[in-house]
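Single-structure report; data block below.
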2 protein chains.
Amino acid sequence: MSKKRISITDIAKELNVSITTVSFILNNKAKGKISEEVIKKVQNYVKEVGYKPNQLAQGLRTGKSNIIVFMVEDISDAFFSSISRLMEEKAYENGYKLLFCSTENDAQKTRDLVQLFKDRQVDGYIITPPSDFEEDIKQLLQEGQPVVLFDRYFESIDVSHVIIDNMESTFKSIKHMVEGGYRNIGFVTLDSSQSQMVDRLNGYQKAIDLYDLKSNVLEINFKDLKNKKTGDQVEAFLNKTQDLDALFFATNYLAKSGLRVLKKLQVAIPSQMGVMSFDDSEVFELYSPTISALSQPIESIADKLMEIMLKQLNMPDGKEKIIYAELPGSLVVRESSYKP
Amino acid sequence: MSKKRISITDIAKELNVSITTVSFILNNKAKGKISEEVIKKVQNYVKEVGYKPNQLAQGLRTGKSNIIVFMVEDISDAFFSSISRLMEEKAYENGYKLLFCSTENDAQKTRDLVQLFKDRQVDGYIITPPSDFEEDIKQLLQEGQPVVLFDRYFESIDVSHVIIDNMESTFKSIKHMVEGGYRNIGFVTLDSSQSQMVDRLNGYQKAIDLYDLKSNVLEINFKDLKNKKTGDQVEAFLNKTQDLDALFFATNYLAKSGLRVLKKLQVAIPSQMGVMSFDDSEVFELYSPTISALSQPIESIADKLMEIMLKQLNMPDGKEKIIYAELPGSLVVRESSYKP
DNA sequence: TATAATTCATAAAACCTTTTAATAAATGAA
DNA sequence: TTCATTTATTAAAAGGTTTTATGAATTATA
């Protein structure tokens with residue numbers, strides 16, 4: 001059995017000082033109040049016995065749990081799990097715990113989770129919100145909770161967020177494909193009103209307009225993603241639009257479905273069909289041919305997210321500062337996007 | 001600003017009963033103590049105002065934090081993040097929070113993390129331990145902490161664990177390759193004393209012995225993994241052992257490195273070289289040709305892990321029960337393991 | 001010398017819950 | 001009626017911390 005944990009009371013008793021004195025010293029509030037001599041004595045003893053404050057008691061008293069929750073769409077997706085990995089470290093470095101969970105892009109599930117975390121009194125929320133989640137975010141903000149959105153955001157709410165420049169990135173990608181010799185580029189995306197998807201579509205349209213090309217968009221229903229019907233839809237899209245010479249996929253899992261279809265149909269990449277994807281993946285690097293992608297800056301995203309969250313957490317109550325960050329994506333050019 | 005949270009005291013005051021009464025009712029300890037009438041009254045009011053107990057206060061009083069920590073080798077690895085995703089849900093279903101972190105297979109880092117979690121008084125530890133971690137596990141057990149190891153374990157310690165049948169699975173895989181027509185199968189693994197790696201090697205040796213084949217093992221130094229030197233070593237291995245007609249990789253990231261090399265050297269799979277990997281991956285499904293793999297039963301692992309952890313948590317103190325689970329892996333046969 | 005200001009230290013309240021031990025009321029037995 | 005038992009309820013302690021308000025001792029000022 002574990003030996004009893006040492007408490008601040010034990011220390012006070014042992015050193016013949018008051019609890020208050022110890023607490024002040026522990027919290028760096030001893031300046032000018034407690035004599036150097038006593039400070040040293042306490043500090044030495046604390047170090048000697050390896051005392052660590054009971055975080056539950058601390059939390060109870062201060063109302064803070066030192067927990068940040070990180071709600072991503074799907075923790076088993078490489079993009080999100082990579083960021084999580086980085087966030088986790090940053091959180092610990094700053095004295096916070098990070099709790100993860102997957103929203104599955106389901107507003108009700110996300111709502112339930114938020115309620116759960118409220119009950120558990122987390123200190124801050126970092127969220128990739130599903131559609132139809134504006135009201136819940138507003139609610140959180142009204143309650144004075146620190147909130148940072150990422151990957152997507154809501155124009156209608158003034159809330160801190162970290163996103164990448166989806167429009168410009170997509171534009172850049174399509175431009176690259178045009179320069180690679182493709183003229184009839186299809187855009188495969190989700191039937192989603194989320195900002196990141198809308199912006200990617202806008203980037204595509206912008207490039208299409210600029211180069212005076214024909215717009216070809218396939219919007220896949222989100223539910224079909226789970227049914228694995230995605231491939232069928234891509235196939236139908238290819239049949240319907242015979243003259244396509246390239247495909248741009250708005251997410252990496254769409255691209256993977258697409259690659260399966262192209263493989264099945266024995267469409268040659270990049271000669272018959274150019275291919276690019278938003279969001280890089282290990283698969284693209286190993287595929288034959290290798291697949292070009294628009295890579296998201298994982299480290300910068302994680303950096304920014306934690307930076308903003310910490311700022312919010314340290315903000316004197318009420319005086320909230322909204323911070324936006326829009327980070328650039330980078331083109332990873334491989335074999336699939338240049339017409340031989 | 002958030003309106004003040006309602007507390008048990010508020011309820012007691014409002015209903016003119018004592019705090020104790022409310023607490024008993026809330027904790028289902030009212031049977032035979034409190035009158036039905038009062039019970040109903042309190043329950044209704046609680047529901048009406050949506051009262052939820054303050055978990056920090058609860059934790060402080062009971063000494064429980066309702067937090068389980070899940071320490072995996074690398075949360076951004078698909079195998080671990082997939083399991084995490086499942087564990088997360090199970091934990092919440094059972095009233096626990098799940099904290100994740102990555103050990104990076106570094107004993108010192110893991111040690112630091114464990115200390116951190118001790119300070120934060122988590123209730124249970126699920127760990128993929130790095131090498132040289134026996135003593136730390138023993139220590140945890142001595143302190144009466146619920147511990148479940150997974151993916152690997154220590155023979156020298158009697159501690160609950162969930163692993164897959166690494167030896168049998170590898171044996172099965174090698175057997176499959178032999179049946180696929182390969183006679184000179186190289187085994188690429190890590191220079192590691194961890195049980196799962198040792199068992200995989202043993203499974204290989206067992207098959208080699210059975211079929212009276214020549215053993216060819218490449219052990220890659222763990223540090224070289226990070227330096228991305230893995231490919232060079234695989235290449236040197238191929239050069240040194242010219243007559244190899246197949247490779248079995250003991251982890252999926254080794255396989256990915258290997259595939260890069262084979263691609264670079266333009267070795268034809270499966271005609272010139274058969275390939276299989278322990279642990280499946282999306283990459284293997286999309287690679288050309290598709291790569292056969294030994295797939296680990298993610299759901300069963302997560303089920304078992306949580307089941308055992310919950311049993312330990314609910315065990316009356318001191319009366320610990322050690323539970324082992326060894327789950328079978330399954331062969332996923334694709335194109336890379338059958339000689340044309 | 002008396003008083004004000006400064007320095008050092010602490011008691012006690014508060015955070016919210018669980019649980020032990022005690023009390024009060026009602027019932028049953030003698 | 002009286003004592004014992006059961007039933008219904010509660011006061012108070014404990015868990016470990018932070019923080020406000022207060023007190024005592026020392027030094028400076030008038």
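Every chain is numbered from 1, with letters handed out A, B, ... down the list of sequences. Keep in mind it's a predicted model, so treat the numbers as computed, not measured.
Residue-to-nucleotide contacts include a donor-acceptor pair under 3.5 Å from the side chain of B:R61 to the base of C:dT18.
In the set D:dT9, C:dA11, C:dT19, C:dA11 carries the atom at the smallest distance from any side-chain atom of A:T20. Comparing D:dT10, C:dT17, D:dG16 against the side chain of B:F24 picks out D:dT10 as the nearest. In the set C:dT10, D:dA11, C:dC16, the nucleotide with an atom closest to the side chain of B:S7 is C:dC16. When each of D:dT9, C:dT10, D:dT17 is scored by its nearest atom to the side-chain atoms of A:T21, the top-ranked nucleotide is C:dT10. When each of D:dT17, C:dT10, C:dT18 is scored by its nearest atom to the side-chain atoms of A:I34, the top-ranked nucleotide is C:dT10.
Residue whose closest nucleotide on DNA chain C sits further toward the 5' end, between B:L26 and A:N16: A:N16. The 5' end of DNA chain D is approached more closely, in terms of each residue's nearest nucleotide, by A:L56 than by the other of A:K29 and A:L56. Of the two residues contacting DNA chain D, namely B:A57 and B:S35, the nearest-nucleotide position lying further toward the 5' end is that of B:S35. Mapping B:P53 and A:V17 onto DNA chain C via the closest heavy atom, the residue that lands nearer the 5' end is A:V17.
Residue-level contact check: A:G32 touches the backbone only, with heavy atoms under 4.0 Å from sugar-phosphate atoms and none from bases.
Within a 6.0 Å sphere centred on CD of A:Q108, other residues, nucleotides and ligands contribute more than 12 heavy atoms. Enclosure of atom NZ in B:K109 by more than 12 non-hydrogen atoms of other residues, nucleotides or ligands within 6.0 angstrom is indicated.
Contact annotation: B:Q58 does not reach the phosphate of C:dC16 (side-chain N/O to OP1 or OP2, under 4.0 Å).
A:K33 forms a cation-pi arrangement with A:F24, by the criterion of a distance under 6.0 Å to the ring centre and an angle within 45° of the ring axis.
Using bins of under 30°, 30° to 60° and over 60° for the plane-to-plane angle, the ring pair A:F150/A:F70 lands in the parallel bin.
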